[in-house]
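Residue numbers start at 1 and run along the sequence shown. First listed ligand is number 1; within each ligand, the first listed atom is number 1.
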Amino acid sequence: MKKCNIGIVGAGTVGIGLLEMIRDQKEAILEKTGLDITVLEIATRTPSKVPKWVEAKVSNDINSIIKNPSIDIVVELIGGSTTALEIVQSALKNGKTFVTANKALISEHGSSLFDLALSHSLEIGYEAAVAGSIPIIRTLRNSLVTNQFSSISGILNGTTNFILTKMEVDQLTYKDALKLAQDLGFAESDPTFDVEGIDVAHKISILANLAFACKTSIEHITIQGITSIQDKDISNALEMGYRIKLIGSAFLKNGKILMSVQPTLVPFNHPLANVMFEKNAVYYTTSHSGAGMLIGSGAGAHPTASSVLADIIYYGKRRGSTPKELLELNQFPAAEYGKFNEEKSRYYLRFTTLDKPGVLAEIAKILGKYNISISSMQQEESLENEPTSVVILTHLAKVGDYTKSIQEIDSLKEIIKEPTISFPLMENM
Ligand code: HSE
């Protein structure tokens, strides 16, 4: 048996979920793993919200945890990358192993933090930072490490997948679906990070680092959130045989990395199309294992806490051994990036136009000028001279040419009534 004392910073949805799991599983964990976990202290802005059955010391004093010589592991569950950065730095300097669910922290500061951890012979666990309960971090670092990856992509945000699913199956408005996701504890404290795609950008950059053995930065990710998706886009896509999903993806092409976060039309026969509600999935294509997908709960108290607890056990058992695990991450070179605008893709385009003679000809002329060929088209029936939607699926064309053609089309103020919506189609994966 090995004792492991922990201090938890942050007692929100995941923090309380973790406390419940430790309360209910302490004996089973001891039996299965030989680790005896005790929560010694909790620091939170709202100590009154910590349930009465918790026996640990509860305060709003993070320093008390950092300075407590009996604490082995500091678990950070507050999110964001300002206070959390100070916590991890002082925790490591004070000899604590650090476990976090914080993707912003790892994506933005991982490299310098791994350096700091190594210089103190300590380790950092962040399994919960990507895709909640899905065991993807250790899988990439261990089980799949013999493969060359050509792509890694997925549905990496439970909130947005829940919203899109509810808009489809229960015909909820975007606002109602978001509110429900927040009530269920899926959303970030600032939901802009979820709906604008930033959360996924942090996660896909972490996955890309591990899959391609390089250091990536979210500045190089093309990011589009879900706020421009309307009910009609969801139903149009379904009629055409696709489901709209917020997909984070990273590809390796000729040694260069291409990363994006975009609402994407996923064909029904792709496994990612059937990942619904708050479920997440990571899909990869590799040299020796072919394609594969891991699916699981991507958000919420217990799914996220289960990965945090797995890290506490894994790193708790390793504490005291000479850590080498972070070494390889720190030796990764900086990524080289490809040019997204030069890539080819098919697209879903929705134009809001006035229904009058010559409109379609005008749109088609501009698309043609940029070598964008129409594969199919449908128009909502409307009254003459009233606004209507024209939806087009295109053949393969350069991403940069879509941007230029849409700019030109949107400048036709006398016929185009709202900015054009454009989402790529998922293919070649
Ligand atoms: N807000 C995140 C999500 C939580 O919805 O997926 C887990 O990172």
Under 4.0 Å from a heavy atom of [X]: give me the atoms of ligand 1 that qualify, with their elements.
| X | result |
| --- | --- |
| Asp194 | 1 (N), 2 (C), 3 (C), 5 (O) |
| Gly158 | 3 (C), 5 (O), 6 (O) |
| Lys203 | 2 (C), 6 (O), 7 (C), 8 (O) |
| Ala299 | 3 (C), 4 (C), 5 (O), 6 (O) |
| Gly298 | 6 (O), 7 (C) |
| Asn157 | 1 (N), 2 (C), 3 (C), 5 (O), 6 (O) |
| Lys103 | 7 (C), 8 (O) |

Checklist entry - Using the ring of each side chain (for Trp, its six-membered ring), is Tyr402 parallel, tilted or perpendicular to Tyr347, with breaks at 30° and 60°? => result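 Plane angle between 30° and 60°, so tilted.
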Checklist entry - Just heavy atoms, cut-off under 4.0 Å: does Ala187 contact ligand 1 by side chain, backbone, both, or neither? => result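 Under 4.0 Å from ligand 1, Ala187 contributes backbone atoms alone.
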Checklist entry - Contact between Gly132 and ligand 1, counting heavy atoms under 4.0 Å? => result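 Flag not set, Gly132 not near ligand 1.
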Item to check | Glu278 heavy atom under 4.0 Å from ligand 1 | outcome: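 No, that is not the case, since the closest heavy atom of the residue is not under 4.0 Å from the ligand.
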Item to check | Point-to-point distance, once rounded to the nearest 0.5 Å, from SG of Cys4 to NZ of Lys317 | outcome: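 That separation rounds to 11.5 Å.
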Next on the checklist: Using the rule given for side-chain hydrogen bond (donor to acceptor under 3.5 Å, both in side chains), can you reason through Glu123 versus Thr97, listing the C-alpha separation, both sets of side-chain angles and the distance that settles it, and then say yes or no?
Outcome noted: CA-CA 5 Å; Glu123 297 186 292; Thr97 297; over 6 Å; no
Item to check | Closest approach of any protein heavy atom to atom 2 (C) of ligand 1, naming residue and atom | outcome: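 Result for atom 2 (C) of ligand 1: Glu188 OE2, 3.1 Å.
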Item to check | atom 5 (O) of ligand 1 [closest protein heavy-atom partner, distance rounded to 0.1 Å] | outcome: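 Of every protein heavy atom, Thr159 OG1, 2.6 Å lies nearest to atom 5 (O) of ligand 1.
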Next on the checklist: With side-chain hydrogen bond (donor to acceptor under 3.5 Å, both in side chains) as the criterion, how do Asn236 and Tyr348 come out once you've worked through the C-alpha distance, each side chain's angles and the decisive distance to 0.1 Å?
Outcome noted: CA-CA 10 Å; Asn236 289 337; Tyr348 165 95; 3.0 Å; yes
Checklist entry - Yes or no on side-chain hydrogen bond (donor to acceptor under 3.5 Å, both in side chains) for Asp410 and Thr420, after CA distance, side-chain angles and deciding distance? => result CA-CA 7 Å; Asp410 282 355; Thr420 294; 2.7 Å; yes
Item to check | Exam field: side chain Arg346 to backbone Leu425, donor-acceptor pair closer than 3.5 Å | outcome: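 Side chain of Arg346 to backbone of Leu425, a donor-acceptor pair under 3.5 Å: no, none is there.
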Checklist entry - Is a salt bridge present between Asp401 and Lys404, judged by a nitrogen-to-oxygen distance below 4.0 Å? => result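 A salt bridge is present here (some side-chain N lies under 4.0 Å from a carboxylate O).
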Checklist entry - Can you find an N/O atom of Ala129 closer than 3.5 Å to an N/O atom of ligand 1? => result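 No; every N/O pair is 3.5 Å or more apart.
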Checklist entry - Do Lys245 and Thr264 come within less than 4.5 Å of each other through their side chains, counting heavy atoms only? => result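 Sidechains of Thr264 and Lys245: no contact.
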Checklist entry - What do the steps show when you test Ser133 against Ser306 for side-chain hydrogen bond (donor to acceptor under 3.5 Å, both in side chains), and what is the final call? => result CA-CA 6 Å; Ser133 68; Ser306 80; 5.3 Å; no
